[in-house]
Peer 1: 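Submitted below is the structure of interest, expressed as structure tokens.
Proteins get letters first, then strands, A, B, ... in listed order; numbering begins at 1 in each. Keep in mind it's a predicted model, so treat the numbers as computed, not measured.
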Amino acid sequence: MKEAASSYSAQDVEAEVRQYWDDEDVYRRVKTLREGATRFFFVDGPPYTTGHIHLGTAWNKIIKDAVLRRERMRGFDVVDRAGYDMHGLPIEVRVEHELGFTSKKDIEDYGIAEFVERCKTFALDHKDIMSEQFRQLGVWLDFEDPYQTVSEEFIESAWWVLQRAEEKGLLERGHRVVNWCPRCETAIADSEVEYWDEADPSIFVKFPISGRDGEFLVIWTTTPWTLPANVGVAVDETFTYARVKAVRDGAEEILWIAGDLVESVLRKGRYQDYTVLETHPGSDLVGITYESPLAAAVPAQKEIAHRVVAAGFVEMENTGMVHIAPGHGWDDFLLGIAEGLEVFCPVGGDGRFTADAGIFEGLAVRDANEEVLGALDEYLLAKETIVHRYGHCWRCKMPIIYRATEQWFIAIPAIKEEMLGEIARVAWYPEWAGSARFHDFVADARDWCISRQRYWGTPIPVWVCDACDARRVFGTIAELEDASGAVLEDPHRPYVDEITVPCACGGTMRRVEDIFDVWFDSANASWATVGFPRRREEFEALWPADFITEGQDQTRGWFYSQLGASTIAFDRAPYRSVLMHGFALDAEGRKMSKSFGNVVSPEEVVAKFGVDVLRLYLLSANAPWDDLKFNWESVTTVNRAVNILWNVYRFPLPYMILDGFAPECGENGRWEAGYVLANHASMPVEDRWILSRISSLAAAVEKDLQEYQLHRATRGLITCILEDISRWYVQLVRPRMWLEEDAPEKTSAYETMYYVMRRLVQLLAPFTPHITEAIYRNLRTDADPASVHMLDWTAGDGCLIDDALERAMDTVRAFDDAVATARQAGRRKLRWPVAQTVVVTGDEEVAGAIEGLRALCEARANSRRVEVVRDRWERIGWRAEPVMRGIGPSFGKEGPTVKALIEQADGNLLKAALEEKGEATVGEGDAVYTITAAHVTFEEQLPADVFAAPMSGNATVYVDVALDDDLEAEGYAREVIRRLQEMRRQLDLRVEDFITVDVSVDDARVAALLAGDWQDFIMQEVRASSISLRASGGAAGATAADLRKEWDVEGITMVMAVSARQ
RNA sequence: GGGCCCGUAGCAUAGCUGGUGGUGCACCCGGCUGAUAACCGGGAGGUCGUGCGUUCGAAUCGCAUCGGGCCCA
């Protein structure tokens, strides 16, 4: 054992520990230690390899690390392979940016091979940067060999699943409306769409009804550019629609508008007057045909048979009639299929109109809005601007469009019931994450569009014959190489695109150009992480995962994609238990974002307070599943707790070292808590108490962790350090630390303190791995495991738990508080002894606790005697209070005299007389009055020097602060001692050093009080080899002293001189 | 527009199987001090987001509404 630094420096401690872990390869050794034990299969949700980690990413990995460190301590051989998500559009966009590209054409001109190579380099570089950042957070995952979605092995696992989907008939190719980014020129998933407010035109348009001149259907839209693709109008069959004659500037026209909306629509169109001619249910309108108002501008529109159809999604808003363009809307598309409407989509992948769009050809769709409005001419009934939420590409932030395209889908609805059944079998923390949130999400799930028209991703392993259109899905690279006769060096584009396969029909099969949605990559993590399908043993032994944990955003992300892929492949969920955690927000509960400037980086916190404080803060601040509102003040508070842990740890070290203390060990030389387990029955009561507390704490921590109540576990630990160890046990045990002789009480104190620290670091190790390692390494015996992280987990020593003692000690602490309050009221400092302290209570448990722990109470209260009185303490007197309401009627104008007499009377005598005879007399001579209970009430009266304070638990504490010579002498002696100790400290003396002392007191009486026994007491307490204590004015004190100070002690000047003994 | 979660003193948080609202930090006053840029006691500070309802009684249950977050449309 070495002494510890006098103040905790996170930087020093953590750097040293990290150095030790590196030098000794501790992480590997911990893993080796558990090899061969029961496996615990954890799967890391792969962060995307772009940019740096933020507080949320840090929180995520810290939760994982805390859980896994504990599982290792519990004896499991933990599968802890880190993972990275490395394909996809975000990286493509970053690389495009670096190269100054603006379109897919730029990429193709540059060369797909070169482009993909740059994407790969980007992903690999950022993977390494992030691994280093995670390591800096003390995260022990396997970053040496992480699974990477770009690896051949991983790609193969995705292929294998797609082949299963094909076998089950779940893989579909179809013409669908998808979210389309016109800049990236690809379909993007619903989950890749970000919404924010955008200003758009809000227009009301007249569609001329066929064969009825001057009669129109009125529709509303915010996307004028979709009008060239209009093929129908939807109505609700049950709504009432009005046929209205409307007048504007003298001209009349007939308009169809939903009845309730006529007024508002016509006002927007600035019509001066109108008459409702007739009303009809929507069902009557179905089948009406109309012409496109853009027929002149878009020739293709002339060929389209426009008609009114019924739909369930129409709402009583705007005009109650919905413009239908199946090529540009999801609902429109489904309705179009159902109604046999044409799917017309005159927009290309670049977001520009094609030749089918007539005069609009070549225009980017959103830019074409103005042109369309112009072409509408008199058909435009009204135009406003609306600000509404509109979707944008998550990477390039361009507004998305909806576009009907050829895509690949997984038919999720076909396996939805199975997925819901699996959700119910998984253990969710919290429960509602699965039963409510995830369940509802999956219940609404639609087909999953898995294809993207991009370059950097897992290629979709589908080959289609250019002659007969037959298709083949390859599940492994070997299978593809077999069929093609070619060797695939790299499964990425463009290499894989070069592979052709002969078709049975004699034609040639070529790969479809698409790549997978990145979510389809990470969906395979649970089997790819153990090398499936190439290697099967691990998979069969381990899968599905025992535990995963990710943020609530992954409900629609990784929790979902994994469940989907796993249901396709194995008909079951890929995880047994899931902890869903919250989001890291700023102090105001707002999302951290660069544009708000409210981002707090993990590095910032680490630089100020260290990794352990960051970890303990993140884990204790709130429940894992609640959003975390980052708060610097709370971080400071946690920092304080960690500092106190350090202080508590270092407090006994100098004494232990001085005494050459070594904890009692087993025959193998390891510490096994042998001393306390064997001797606890005979140990001092405060030792037994703290041993019980630590054991109870361990049991509580265990229970909390079983439910992933990480915040409760960590808060329990922090509270124990602060309340039980620092504020109580250390205070109680302190005197025993400097007992000179080899006393059994001292051994007991050392063994207890040692036990407390050993158990504490064991329980804290998963959460604050550095400081616990530093403490453990200093405390461990040579035969003990080298690292705290090699220890076995503990749920506490049940045999040390003594509930009754814990309750009794709670009572003593309440007593301690009450004494302090009473002393404060009596203005008697704790340093000054008092003669008597009395606890008045009718509560036998309180009485028993005080009496059972009387010596402790006396020491804490600095009281010569502590007594319990069951009913009434005889020293509490009664003060008589006159009752004027009774005195007035009885004594008339003598009332004030009686009042004064009662106030002066001895309340105790008065009360006794009244209780005995029912009446009493006050006054003397001629003025004697007889009073009864009607004239007086009694209040408690404390003797002059007694002060009271209520104590929780039906008790009151009374402290008699009166001084006699002896008490006063001790008080002054303690005042002198405290100041001499302060001087020792200023001289920076070691605990074992002796001093010589000279004290001159500017008060002869006090100097006399201190002479004799008290002088010896002072010598002993301050470790003085000689002392000269006298009244000042006599011979001058020694002139030479290491330190001389003049003190004001309770108004008396004392000059003290201290020298270290040579 | 829908689903889920959160909303308690200046800040953070406990209580949420209904019975007079706790704790920590910060603040003010006092004390202690051989852990000492620690520690202890006391005090002040709350419309438990808002409204309505159920109940003898609601922070706690129900409905509505507002604000924040994640997700979906």
Peer 1: Measure from OH on A/Y649 to P on B/A38 and round the result to the nearest Å.
Peer 2: 20 Å

Peer 1: Stepwise, does the ring pair (Phe, Tyr, Trp, His ring centres under 6.0 Å) test hold for A/W625 with A/H581?
Peer 2: CA-CA 4 Å; A/W625 40 85; A/H581 66 76; over 10 Å; no

Peer 1: Mind checking what makes side chain to side chain donor-acceptor pair (under 3.5 Å) contact with A/Q562, not counting sequence neighbours?
Peer 2: none

Peer 1: If you only use heavy atoms from C-beta on, which nucleotide in B/A35, B/C4, B/G34 is closest to the side chain of A/A436?
Peer 2: B/C4

Peer 1: By salt bridge (Lys or Arg N to Asp or Glu O under 4.0 Å), which residues pair with A/R1023, not counting sequence neighbours?
Peer 2: A/E740

Peer 1: Can you tell me how far C1' of B/C71 sits from CE of A/M580, to the nearest Å?
Peer 2: 10 Å

Peer 1: What is the nucleic acid contact for A/Y617, judged by heavy atoms within less than 4.0 Å: base, sugar-phosphate only, or nothing?
Peer 2: nothing

Peer 1: Taking atom types as they are modelled, would you say the side chain of A/S726 forms a donor-acceptor pair with the base of B/A38 within the 3.5 Å cutoff?
Peer 2: no

Peer 1: So which protein N/O to nucleotides 26-28 of chain B N/O distances come out below 3.5 Å?
Peer 2:
{"unit_1": "B/A26", "atom_1": "OP1", "unit_2": "A/R640", "atom_2": "NH1", "d": "3.2"}

Peer 1: Return the set of residues passing salt bridge (Lys or Arg N to Asp or Glu O under 4.0 Å) with A/D817 (not counting sequence neighbours), or none when no residue passes.
Peer 2: none

Peer 1: How is A/T555 classified with respect to the nucleic acid when contacts are heavy atoms under 4.0 Å: base, sugar-phosphate, or nothing?
Peer 2: nothing

Peer 1: Would you indicate what A/A433 reaches in the nucleic acid, counting non-hydrogen atoms under 4.0 angstrom: base, sugar-phosphate, or nothing?
Peer 2: nothing

Peer 1: When you get a sec, tell me which of B/A35, B/C6, B/C72 is the closest nucleotide to the side chain of A/R556?
Peer 2: B/C72

Peer 1: Run the side chain to side chain donor-acceptor pair (under 3.5 Å) test against A/W832 and tell me which residues pass, sequence neighbours left out.
Peer 2: A/E975

Peer 1: Starting from C1' on B/C5, measure out to CH2 on A/W428 and report it in whole angstrom.
Peer 2: 15 Å

Peer 1: Which is true for A/D444 with a 4.0 Å heavy-atom rule: it touches a base, it touches only sugar-phosphate, or it touches nothing?
Peer 2: nothing

Peer 1: Side chain of A/R734: nearest nucleotide among B/G34, B/A35, B/C11?
Peer 2: B/A35

Peer 1: Taking the side chain of A/K629 as heavy atoms from C-beta outward, which of B/G42, B/C25, B/U13 is closest to it?
Peer 2: B/U13

Peer 1: Return the set of residues passing side-chain contact (heavy atoms from CB on, under 4.5 Å) with A/D12 (not counting sequence neighbours), or none when no residue passes.
Peer 2: A/S9

Peer 1: What does A/R712 touch in the nucleic acid at a heavy-atom separation under 4.0 angstrom: a base, only the sugar-phosphate, or nothing?
Peer 2: sugar-phosphate

Peer 1: In dot-bracket notation, what is the pairing pattern of RNA chain B, taking Watson-Crick (N1-N3 plus N6-O4 or O6-N4) and G-U wobble (N1-O2 and O6-N3) contacts under 3.5 Å, with [ ] crossing and | for other strands?
Peer 2: ((((((((.[[[[.)...(..]]]].(((((.......))))).....[[[[[..)....]]]]]))))))).

Peer 1: Please name all residues satisfying side chain to side chain donor-acceptor pair (under 3.5 Å) with A/W220, sequence neighbours left out, ordered by chain then number.
Peer 2: A/S202

Peer 1: Under 4.0 Å, heavy atoms only, any strand: does A/Q731 hit a base, just the sugar-phosphate, or nothing?
Peer 2: base

Peer 1: Run the side chain to side chain donor-acceptor pair (under 3.5 Å) test against A/N643 and tell me which residues pass, sequence neighbours left out.
Peer 2: none

Peer 1: With nearest nucleotides of RNA chain B determined for A/W625 and A/V1022 from heavy-atom distances, which residue corresponds to the more 5′ nucleotide?
Peer 2: A/W625

Peer 1: Take atom C1' in B/G10 and the same atom in B/A73, then report the distance between them in whole Å.
Peer 2: 40 Å

